[in-house]
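Taking it in order: structure first as structure tokens, then the write-up.
Residues take their numbers from the sequence shown, with the count starting at 1.
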Amino acid sequence: MKIQSDLKRVLEKPVFLQRLSELGLAPIGMEHGEFASLIQDEIKDYRQTVESAGIKPE
């Protein structure tokens with residue numbers, strides 16, 4: 001995927017990595033399938049948290 005290859009190229013730049021570090025961030029690399037799975041897991045976790053707290057959409 002073009003976006004993935006472009007992002008990989010940017011993440012290899014020392015200036016960019018330094019700025020991320022200054023912000024307290026650290027990039028992690030993963031394939032799009034792994035990222036999709038991570039997002040699905042996060043949605044499930046947050047859904048459970050919201051439901052157990054009794055939060056309703058307005």
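Checked against side-chain hydrogen bond (donor to acceptor under 3.5 Å, both in side chains), Q4 has the following partners two or more places apart in sequence or in another chain: E31.
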Result block: side-chain N/O donor-acceptor pairs under 3.5 angstrom for residues 10-19, not counting sequence neighbours:
from: E12; atom 1: OE2; to: K8; atom 2: NZ; distance (Å): 3.1
from: Q18; atom 1: NE2; to: E22; atom 2: OE2; distance (Å): 3.3
from: R19; atom 1: NH1; to: E22; atom 2: OE1; distance (Å): 3.3

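R47 has its side chain within reach of I43: a pair of non-hydrogen atoms, C-beta onward, lies under 4.5 Å apart.
Every pair tested for side chain to side chain donor-acceptor pair (under 3.5 Å) that includes a residue from residues 49-58 fails, sequence neighbours excluded, so the list is empty.
Annotation for I3: atom CD1 does not count as buried by contact number, only 12 or fewer foreign heavy atoms lying within 6.0 Å.
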